[in-house]
Structures are given as structure tokens and as C-alpha cells.
2 protein chains.
Amino acid sequence: MPSYTAPTKDLQFVLHEVLKVTEADIPGYGELEPDFTNAILEEAGKIASEVMAPLNVVGDREGCRLENGVVRTPPGFKEAFEQIKEGGWPGLDMPEEYGGQNMPYVIGTAVGEMFSAANHSLTMYQGLTHGAASTILAHGTEEQKNTWLPKMVSCEWTGTMNLTEPHCGTDLGLMRTKAEPQADGSYRITGQKIFISSGEHDMAENIVHLVLAKIPGGPEGIKGVSLFIVPKFLVNPDGTLGERNGVSVGKIEEKMGIHGNSTCVMNYDGAVGWLLGQEHKGMRAMFTMMNEARIGVGMQGLSQAEVAYQNALAYARDRLQGRAVTGPKNPDGPADPLIVHPDVRRMLMNQKSFTEGARAFLLWGSTLIDRHVRGGDEAANGLISLLTPVIKGFLTDEGFDLTVQAQQIYGGHGYIEEWGMSQFVRDARIAMIYEGANGVQALDLVGRKLAQDGGKHVMAFFDLVKSFIKENAGQDEAYDRDFIEPLKAASKDLQAAGMYFMAEGMKNPDNALAGSYDFMHMFGHVCLGLMWAQMAKAARAALECGASDAAFYETKLATGRYYMARRLPATAMHLARIQSGADPVMALDADNF
Amino acid sequence: MPSYTAPTKDLQFVLHEVLKVTEADIPGYGELEPDFTNAILEEAGKIASEVMAPLNVVGDREGCRLENGVVRTPPGFKEAFEQIKEGGWPGLDMPEEYGGQNMPYVIGTAVGEMFSAANHSLTMYQGLTHGAASTILAHGTEEQKNTWLPKMVSCEWTGTMNLTEPHCGTDLGLMRTKAEPQADGSYRITGQKIFISSGEHDMAENIVHLVLAKIPGGPEGIKGVSLFIVPKFLVNPDGTLGERNGVSVGKIEEKMGIHGNSTCVMNYDGAVGWLLGQEHKGMRAMFTMMNEARIGVGMQGLSQAEVAYQNALAYARDRLQGRAVTGPKNPDGPADPLIVHPDVRRMLMNQKSFTEGARAFLLWGSTLIDRHVRGGDEAANGLISLLTPVIKGFLTDEGFDLTVQAQQIYGGHGYIEEWGMSQFVRDARIAMIYEGANGVQALDLVGRKLAQDGGKHVMAFFDLVKSFIKENAGQDEAYDRDFIEPLKAASKDLQAAGMYFMAEGMKNPDNALAGSYDFMHMFGHVCLGLMWAQMAKAARAALECGASDAAFYETKLATGRYYMARRLPATAMHLARIQSGADPVMALDADNF
């Protein structure tokens with residue numbers, strides 16, 4: 001059975017040596033001293049590896065079962081969820097007034113990575129609740145916040161998001177679910193929603209569904225969509241649970257993976273709901289949840305790649321097969337371990353250089369959220385808004401590919417369910433699809449975010465890269481050659497692609513959209529290249545100061561060199577594809593495929 | 001439920017307009033007139049789409065069950081297999097003297113693509129039998145051939161290959177299974193083999209296992225391995241079945257996919273076996289089977305990508321979601337079909353340009369086999385030996401990636417088992433692993449095949465590309481720009497990589513091996529680029545002659561332009577990675593990962 005070890009040391013390295021959180025001018029960051037964050041990460045890591053990880057396989061094998069309208073989660077899930085609640089983990093970065101611990105978002109991200117890696121399906125129950133609570137926090141009335149948040153912050157009640165219907169996912173303007181206003185100010189919700197993660201289960205007293213629906217007579221399409229709070233059980237004025245609402249689970253979907261999470265068809269049959277935010281502005285409110293969810297899904301890409309890598313590494317060290325071409329490395333054994341073989345190394349280095357780069361990227365992105373939410377920094381908000389589709393699309397694509405590479409290291413054993421690698425691959429696959437398929441992320445990036453606020457945010461990103469290069473070039477030949485030059489080249493490719501979109505997209509928007517996916521991947525590589533240049537800088541600084549753990553920093557430098565030398569050259573390929581324009585992509589009539 | 005349509009027209013195009021089989025100077029090819037091959041392909045296509053494809057989902061859901069030592073295949077498999085046998089399909093390209101139809105290998109490949117696409121798991125029972133029969137044909141005594149082949153050619157008896165043991169897969173020198181010689185010339189085989197596809201089932205009267213084992217006292221390691229014929233039931237001198245042999249199934253593995261094929265742990269407990277080929281030369285004999293199997297597995301990469309593409313295309317035409325950015329294409333409907341969106345096009349064009357290119361590549365490779373086997377052409381044998389790891393490694397990696405892209409087009413529906421796309425992905429995944437994991441293919445290509453016979457075969461390949469370019473350049477500006485120039489550039493990258501290996505691999509073999517995987521992919525792209533240049537040439541010729549089906553040829557040209565513009569630029573990335581050498585890959589001590 002696979003195991004999971006919390007990457008506490010690496011998280012600490014990024015927080016304190018790369019991002020230097022205590023020195024950052026962000027409210028609440030002053031208290032994030034290394035000992036303090038270490039205590040949190042160690043404690044979270046323990047729950048992740050000892051409580052959640054052992055249940056991951058159980059969740060996959062047993063799945064969720066629908067029995068007489070009740071969904072039974074896999075054995076052990078309920079007890080583990082209780083432990084998570086008792087530890088106060090769901091409210092880690094939620095406001096104190098609703099029972100949270102008011103920690104910065106960046107700490108929530110560090111803990112979230114571990115929980116998702118240990119048990120993707122189980123963590124979703126908590127993750128969706130967090131997203132729903134954030135939405136109520138941002139758009140709810142005082143009464144709504146007081147009614148729902150205390151119980152959601154503690155996960156006594158969990159949350160869901162209800163967007164998709166059988167005939168529409170991305171194009172929500174087509175939705176049919178109706179919300180009919182009642183005399184008492186409530187609404188009656190009727191319709192069917194599908195693919196509702198954590199839609200129904202036995203781990204919470206109540207479930208708070210956030211449901212998109214149309215109020216009859218409102219504007220056509222997406223402009224007539226509103227958001228509603230629809231609980232499983234109505235809540236009495238004294239806060240106790242009242243009668244069952246008109247919402248029920250139709251079936252649990254049979255999926256490729258994440259069997260431990262109940263993905264439900266939800267039927268709303270005149271269910272009582274309350275408007276959240278403004279009439280017909282449901283998409284705006286839902287985007288609070290979706291933006292948070294998209295970053296969380298990007299994190300799942302990292303998490304699955306990390307846990308798969310840890311196990312592949314152990315296997316590669318353990319399994320004896322063949323001899324190193326440069327001479328036996330384990331001369332007393334019958335064969336050398338797999339890790340001596342260059343192609344196995346290639347796969348391991350791909351994984352290691354991705355997970356460490358992605359970890360830094362996500363934590364940096366989280367500091368931008370904290371800068372905005374805690375410090376009101378609008379520039380940081382613009383930048384994270386630009387980076388959100390990159391985080392979601394690039395990290396989940398790469399996360400899946402690298403999980404597949406981890407599985408590959410096991411050979412035939414990787415294909416057998418017994419070893420657990422198949423589950424990591426099957427679970428990782430969903431992250432490329434939900435919360436907006438990755439093609440939609442690319443469209444969001446190129447079609448909306450690039451031009452947002454007059455292109456200010458993408459210019460800010462390029463300035464950031466340029467400043468970093470300017471400040472750090474010319475001090476060390478090896479650093480320039482290994483890190484600065486590749487970053488410069490990749491960032492130049494990205495800018496060239498942006499220029500191409502501006503020039504050719506004006507003539508025909510398809511010229512931009514046909515290259516959007518490649519652009520998203522280029523952007524991701526440049527971000528990870530920037531992270532590696534920053535991490536290498538921190539590692540060099542530590543070595544120069546005579547840090548005691550020299551091997552850690554030397555390893556960091558070697559891993560970074562790998563990323564720069566072997567992964568960043570992808571940007572030139574993406575640029576070549578982009579510059580071939582829309583013609584090759586759009587040439588055929590639909591009938592001629 | 002997904003469906004499958006045989007790509008008869010495209011197969012005919014490659015056979016007759018690109019490869020021009022009837023004009024090729026290969027024994028037996030003269031009779032391959034278009035009407036004749038069309039009749040075969042139509043008939044095979046009918047069985048594939050009407051009999052085999054509907055059982056594909058059944059195989060996945062029901063799987064194989066082990067009950068009291070008997071393996072039950074999924075409902076319907078036995079009846080379908082009977083129909084396949086009755087049609088004489090298993091012996092299509094087998095010698096007439098053993099009941100076959102003596103058709104060229106290229107026809108077997110064309111039919112094989114369809115069968116594998118329609119039902120991967122079911123086709124494996126037949127495919128492994130074919131490989132085992134070929135091995136007996138190549139290495140068996142007259143008596144062995146007469147005893148086993150007639151029943152195997154008809155698939156009344158099926159075959160298996162037994163290599164892997166729990167502690168060794170790739171490194172077969174570590175194997176422990178023993179073969180003790182008996183006074184009557186037979187051997188007693190004892191040991192355990194794992195991952196045995198079609199190891200036990202209820203669809204044939206007898207199962208002929210080809211088993212690698214060591215004769216005690218023989219040389220150490222791989223040089224002491226011999227190959228044995230070990231039937232499930234012994235055969236009486238009159239050809240009737242005798243007593244049960246000492247071989248039994250230990251369990252059926254729980255796998256990620258190909259549930260319809262019984263992957264068995266096989267226990268040999270003093271089972272009676274007969275030496276096939278020479279003592280201690282088992283690997284040589286087994287390679288007859290493995291080389292055939294590797295090409296067959298490369299074909300599975302194409303097959304899964306093809307059937308996944310067909311269904312994704314249908315979905316993209318049918319599902320209404322969003323509007324084309326250039327203006328509504330379905331103004332009377334509530335939304336436009338998915339296929340209007342550039343990023344959906346990108347995925348479809350990736351799939352289409354791969355499957356058509358891979359089809360041509362496999363059929364061309366098959367003509368090389370026919371040139372050798374039927375015409376004794378040793379140069380053709382050298383070339384296909386070089387290309388075999390490319391076919392296996394590149395086509396299965398790409399086949400998997402593109403099946404994942406087909407699944408992606410379905411959004412959330414792709415993740416739900418009900419739509420069948422998950423099965424295609426799960427089934428396609430195995431092809432990257434079995435018959436030598438793809439890293440082993442890359443090692444075979446760079447570590448053995450490049451230098452084989454003094455590098456003669458790779459030189460022959462480059463000559464072939466050069467001659468094609470020389471003969472076809474300078475006749476048409478558009479053709480030069482769209483096909484000749486990209487092919488020239490990609491082939492130059494491939495040569496540069498080969499030069500790098502020669503220069504730097506001498507100093508340190510890791511410099512070559514660390515780039516082997518990238519080289520395999522480069523090589524694959526150049527092969528598909530060559531195929532597209534040839535197909536485009538054929539399409540242009542047809543259009544110049546005023547072919548009635550102009551749309552078919554225009555589509556062919558547009559699809560080829562896509563491959564050249566959007567996929568071939570990958571060679572430069574692979575070259576950059578290769579030229580970064582072994583250092584970034586091998587820098588870390590195993591302990592420092």
C-alpha cells in the first residue's frame with residue numbers, strides 16, 4: 001500500500017527562505033515565525049500521513065453507496081473527518097468571529113497540499129465547504145453569515161456548489177433550474193443538477209447547497225442566473241435543525257476515480273432557498289467560489305504528483321532490475337536498483353522538479369491572495385486573477401502527466417490496483433476537468449485575463465520577471481548560465497506569444513484562441529522557471545552562509561538546473577505552434593473531419 | 001455507449017495510393033487489388049463494429065472471474081470469439097499448410113487495427129496466440145509445428161507468453177523458474193509467472209503456454225534461459241487432448257483496465273514442457289514473439305486513439321455549448337456545437353493527424369516485414385528492427401495522450417464510466433507498459449538499434465528521408481513550405497541528436513541514455529512527418545488527376561499541414577533536452593532525492 005510523508009521541510013524552505021513571510025508586509029504574517037509554522041505543518045502532516053493517507057485506498061475500493069436515499073461514505077471516513085473537525089483544520093484560515101483561526105491563506109494552502117495528497121476524495125468534503133463558506137462570507141447578509149458560517153467553518157455542516165445540468169456545464173446560460181419567489185422572501189428551487197461533489201453523505205448534520213438557478217422573467221442566458229442557499233435541512237430560528245428540504249440525491253455517478261467522494265445527481269423539487277448576493281448576479285457570486293476552487297484544484301495537481309512521486313522514488317530505490325551501464329552500483333546484490341538507470345532518473349527528476357516548483361508557485365500565489373484580502377492590495381488581486389487559470393490548467397495537466405510517469409516507474413505493477421499507483425492516476429485525472437475544463441482555463445487566460453484592465457496585470461508579471469533578472473544577473477557566472485539565461489529566454493518566448501496574439505488576434509480572434517492552450521503551458525513554465533530561479537538564489541545564499549544542511553541546498557540547485565535545462569525549452573515549441581496561427585487548426589469544415 | 005466505425009477508406013488510401021502495394025515488388029502483393037483488399041477490410045470492419053465493439057463495455061464492467069480454478073470470460077466474449085474463428089481471422093496471415101490464408105502481414109495489420117480498436121481485451125486472446133504460433137513456426141521442430149500450429153492458427157487452442165516473475169520483469173536474468181530435463185526428452189517446469197495475459201479462460205479447448213525457464217546447471221543470468229512449450233492439456237499421439245498438465249492459475253490480477261482479458265498469476269508445478277529452439281537460447285526465440293508483439297502493441301496505441309477520436313468527434317459535433325467567438329455557427333439553436341471552438345479543434349486535429357499518420361507508419365512498417373519474410377530482404381529487416389521500438393514506444397505514448405484528449409472533450413461526462421471514454425484511457429494505459437515498458441524501448445533504440453550492424457540501419461533511414469526530400473522538393477511552392485521544409489528541419493534535429501550521442505556517448509554512455517526517451521519521440525515525429533509528406537504527395541496527385549472525392553484529399557492535405565506545423569516543432573525541444581546531456585539528469589545521489 002502506498003504511503004505519504006508530509007514535505008514539511010520543503011514547505012518551510014519556501015515560506016521562510018524564498019518568500020520570507022515574516023518580512024513580507026502583509027497583515028498577520030508577522031507571527032508566522034519558523035517555529036510556529038513548523039508546529040502547524042508537523043501537526044497537519046501527522047494527520048495527513050497517519051489518519052487520512054491509510055484511508056485513501058479504502059475510499060477507492062469501497063466507494064460511496066446510496067442506500068434508501070442515504071449515502072454511506074467509505075469505512076473510516078466519518079471517524080477521520082471527526083478528527084479533522086476536532087483539530088479545527090477546516091476553519092484554519094477562516095475569521096475568528098465564525099469560529100475560525102484567522103490564519104493567512106498561505107498556511108491554508110500549505111496544509112491543503114498535504115491533505116489533498118494524503119486523501120484527495122476525503123479532503124474534497126472539507127474543500128467544498130470552505131469554498132461555499134467563502135462565498136457566503138463575501139456575498140451573504142449578516143443574518144446569512146450568522147446562520148450558516150459558524151457550522152460551516154467547523155464542518156459540522158458541509159457545503160456544495162451546484163452549477164452543472166445534464167445539458168450544460170461550461171455554458172451555464174443554458175440552465176433550466178428555476179427559482180420561484182415566495183411571499184416570505186424565500187424561493188422555491190426546482191430542477192436537476194449533476195456532478196455535485198459531496199452532494200450527499202453521512203459525515204455532517206446538514207449540507208448547505210449553493211445552487212445556481214433562474215428566476216422566471218429575468219434576463220435570458222447567463223445574465224439571468226442567480227445564486228441560492230438551499231440546505232438539506234431547514235434551520236429553525238433557534239439554530240436547531242428543522243424539516244427536510246425538497247432536495248434529494250438521484251444517484252451516485254460511477255466515475256474513473258475519486259470514488260471516496262460522492263458525486264451526486266441532485267434533484268430539487270420545490271426546495272426552499274434564499275438568494276445569496278443580488279438577483280441575476282449569481283455568476284459574480286459563484287466566481288468567488290470558483291476562483292478559490294480553481295486554485296484548490298491546481299493544488300490537487302501538485303498533491304497527486306507529490307504522493308505518486310514519493311512512492312515511485314521508494315520503489316525505484318528498492319526494486320532491483322538490471323545494471324547501471326557505467327558499472328554495477330550494487331555489486332553485492334543480484335542487480336542494481338532502478339534508480340541507477342538514466343531514464344528512470346529522467347522521470348524522477350521531472351516529478352521532483354515539478355512538485356517543488358509547483359509548491360513554490362502555489363505558496364507565492366497564496367501570498368498574493370493574502371496581500372489582497374488582508375492588505376487590500378489591488379495589484380496583487382489583479383496578478384492572482386491572471387495566474388489563476390495558469391495554476392489550475394498547467395498544474396493539473398502536469399500533475400496528471402507526472403503521476404502517469406510515477407506509475408510508469410512501477411512497470412506492470414503500476415497497472416495493478418494493488419500497488420495504488422493506478423488510483424493516483426485515476427484521481428489526478430479529474431483535476432483537468434472539473435472547475436472549468438483546462439481548455440476553458442486557457443480561454444479565460446487568453447480571452448479575458450490578458451486584456452483585463454488594459455493588460456495591466458500581464459505587464460506587471462513581465463515587470464516582475466524583468467526586475468528579478470536585473471537584480472540577480474551578473475553576480476555569479478554559473479547562476480547566470482543555469483538560471484538567469486534560461487528564464488530570460490523562456491520569458492522572451494512568452495512575450496513574443498503575447499505580441500503575436502495582440503497583432504494577429506485583432507485580425508481574427510481565432511489566431512489567439514487556437515494558441516491559448518500552448519500559451520497557458522508556456523506561462524506555467526515561465527512561472528516555474530521564476531520560482532526555480534528564486535529558490536536557487538535562496539539555496540545559494542544558504543550555502544554561502546555555511547548552512548549546516550548543505551546537501552539539501554545542493555539538491556535544490558541540482559533540481560532547479562534540471563528544470564531549467566530540460567523543461568523550460570518547451571516554451572520555444574509552444575511559441576512555434578502559436579505562431580502557426582489559426583489556419584492549421586481551423587482549416588477543416590466540421591463535416592470533413 | 002461508444003461506437004466504432006472501421007476506417008476502411010483511409011486504410012485503402014494508404015495501401016493503394018501511398019504504399020501502392022500492388023506495384024511493390026513483394027511476393028503475394030500482386031493480388032492485393034483494391035477490390036480484393038476492400039472486401040477483406042469491409043468484412044473485418046463489420047465484425048469489428050457489429051460483434052466486437054458492443055462487447056467492449058461489457059468486458060470492462062464484468063471482467064473475468066476465477067471460479068474453482070476456471071476463468072469465466074465476460075458474457076458474449078465466447079460467442080464473439082467463435083465468430084472470429086469461423087471467419088478464419090486468426091489465421092489470416094498464417095501459412096496455408098497449417099490452415100492459414102497466407103495473406104501478407106500488411107493485411108493482418110490493417111485488420112488488427114480494427115479489431116483492437118473495437119475490443120482491445122478480446123483481441124488480445126487472438127493476438128497472443130498469433131505471437132506464440134509465430135514463435136513455434138520460427139523455432140519449432142517439424143513435429144512441434146505439426147502438433148501445435150494447426151490448432152493455434154485456427155485459435156481452437158490459444159497461446160500465451162510467460163516471462164515475468166514477481167521479482168523480475170525487464171531483467172529476466174534474475175528468473176527462478178526451473179526446467180528439469182527428463183529421460184524422455186521432455187522437461188518438468190516449476191515456478192511462478194505473473195502478468196500472464198489470456199493465461200486461463202473458457203474460450204479454447206487448450207492453452208499453449210510458452211514459458212521461459214532455466215535448466216539447472218546452465219549459464220548464469222540471461223544466458224541460461226530457455227524457452228518451453230507447456231500446454232494446459234497434454235496432447236495424445238493421435239492429436240486428442242490427454243491429461244491436465246501441472247499448470248494452474250493462482251489468481252486474476254485487479255487492473256486499471258483491460259478487464260476483459262484475464263491477466264493471471266500462473267503456477268507451474270512440475271508441468272511437462274518441451275524445449276522450443278535451442279537450450280539456453282530462450283531469449284532469441286522469445287524475441288521472435290516480442291518483436292511481433294511490440295509492433296502489435298504500437299498498433300494498440302493507434303487503435304485506442306482512433307476509437308476514442310471517433311467518439312469525441314461525434315460528441316463535439318453534437319453537444320451544444322457556447323458560441324463561436326467569430327459569430328454563431330448554429331444561430332437557430334440555443335448554442336453552437338463544441339467543434340466550433342478553436343481549443344476543441346486543436347484536440348481533434350491532434351488526434352486526427354496522429355491516427356492517420358500512425359496508420360500509414362504501421363502499414364509501411366508491415367510492408368518492411370513482408371519484404372523480409374516473403375522476399376528475404378535483409379535491409380528491410382534491419383530497418384524494421386530499428387523502427388520497432390519507435391513504433392512501440394512513440395505510438396503508445398501518443399496513443400494514450402490523445403485518448404486522454406478525446407476524454408477531455410467530454411468534460412465531466414468523460415470522467416463518468418457511463419460514456420465509455422474512461423475505459424479507453426484505462427485500456428490505452430497498459431500499452432505503454434507491457435512488452436517492455438517504453439523506457440526499455442528507448443534504451444533498445446539508443447543502446448542497441450542505433451549502432452546495430454555498424455549503424456547501417458539508421459543511415460538507411462536517413463537516406464530514405466533524404467531521397468524522398470530530393471525527389472519531391474522544388475515542384476510546388478506550397479508543398480515545399482508546408483511539408484518538405486518542416487520534414488527537413490525535423491530530420492536535421494534527429495541527425496544532430498544522433499551525432500551528439502556518438503560524440504558524447506563515447507565519453508559517458510549516460511549522455512546517450514539520458515536522452516534516449518526524447519530521441520525515441522523525435523524519431524517518431526520524423527517518421528510521422530515522412531508519412532504525412534508521402535500522404536500529401538499522394539493527395540496532391542489525386543487532386544491533379546481530378547479525383548471525384550476532392551474533399552477527402554483536401555482534408556488529407558489540411559490534416560497533414562496541421563501535423564507539420566503544430567506537432568513537428570517538438571523535435572527542437574527534444575534536441576535541446578538531449579544536448580543538455582546527462583549532468584542534469586544524473587547529478588543527484590540516490591539518497592538526496
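A, B, ... follow the sequence lines: proteins, then strands. Residue 1 opens every chain.
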Chemist: Chain B heavy atoms under 4.5 Å from A:Leu320: which part of the residue, side chain, backbone, both or neither?
Modeler: backbone
Chemist: Do you know which of A:Tyr562, A:Tyr410, A:Tyr415 has the most heavy-atom pairs under 4.5 Å to chain B?
Modeler: A:Tyr415
Chemist: Answer with side chain, backbone, both or neither: which region of A:Leu513 has an atom nearer than 4.5 Å to a non-hydrogen atom of chain B?
Modeler: both
Chemist: Could you give me the CA-CA distance, side-chain angles and deciding distance for B:Glu417 and A:Met256, then say whether side chain to side chain contact (heavy atoms under 4.5 Å, CB included) is met?
Modeler: CA-CA 6 Å; B:Glu417 292 294 348; A:Met256 186 176 179; 4.0 Å; yes
Chemist: Between B:Tyr517 and A:Met347, does the side chain to side chain contact (heavy atoms under 4.5 Å, CB included) criterion hold? Intermediate values first, please.
Modeler: CA-CA 10 Å; B:Tyr517 211 86; A:Met347 293 189 276; over 6 Å; no
Chemist: Using non-hydrogen atoms only, which part of A:Gln423 is less than 4.5 Å away from chain B: side chain, backbone, both, or neither?
Modeler: neither
Chemist: Between A:Gln408 and B:Ala437, is there a donor-acceptor pair closer than 3.5 Å when you use the side chain of the first and the backbone of the second?
Modeler: no
Chemist: Does any backbone or side-chain atom of A:Ala514 lie under 4.5 Å from a heavy atom of chain B? Answer side chain, backbone, both or neither.
Modeler: both
Chemist: Given a strict heavy-atom distance threshold of 4.5 Å, which part of A:Tyr563 is in contact with chain B: side chain, backbone, both, or neither?
Modeler: neither
Chemist: Taking non-hydrogen atoms and a cut-off under 4.5 angstrom, which of residues 438-448 of chain B neighbour chain A?
Modeler: B:Asn438, B:Gly439
Chemist: Please flag which part of A:Leu588 lies under 4.5 Å from any non-hydrogen atom of chain B: side chain, backbone, both or neither.
Modeler: both
Chemist: Please determine if B:Asp518 and A:Arg566 form a salt bridge, counting it only when a charged side-chain N lies under 4.0 Å from a carboxylate O.
Modeler: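 Yes, B:Asp518 and A:Arg566 are salt-bridged.
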Chemist: Please flag which part of A:Leu172 lies under 4.5 Å from any non-hydrogen atom of chain B: side chain, backbone, both or neither.
Modeler: neither
Chemist: What part of B:Leu313 lies closer than 4.5 angstrom to a heavy atom of chain A: side chain, backbone, both or neither?
Modeler: side chain
Chemist: Count the heavy-atom pairs under 4.5 Å between each of B:Glu554, B:His413, B:Arg426 and chain A, then report the option with the highest count.
Modeler: B:His413
Chemist: Are A:Glu418 and B:Lys251 ion-paired here, with the side-chain N under 4.0 Å from a carboxylate O?
Modeler: yes
Chemist: Quick one: what part of B:Arg346 sits under 4.5 Å from any heavy atom of chain A, side chain, backbone, both or neither?
Modeler: both
Chemist: Take A:Arg567 and B:Met573 through the side chain to side chain contact (heavy atoms under 4.5 Å, CB included) test and state the conclusion after the steps.
Modeler: CA-CA 9 Å; A:Arg567 304 300 319 279; B:Met573 176 186 73; over 6 Å; no
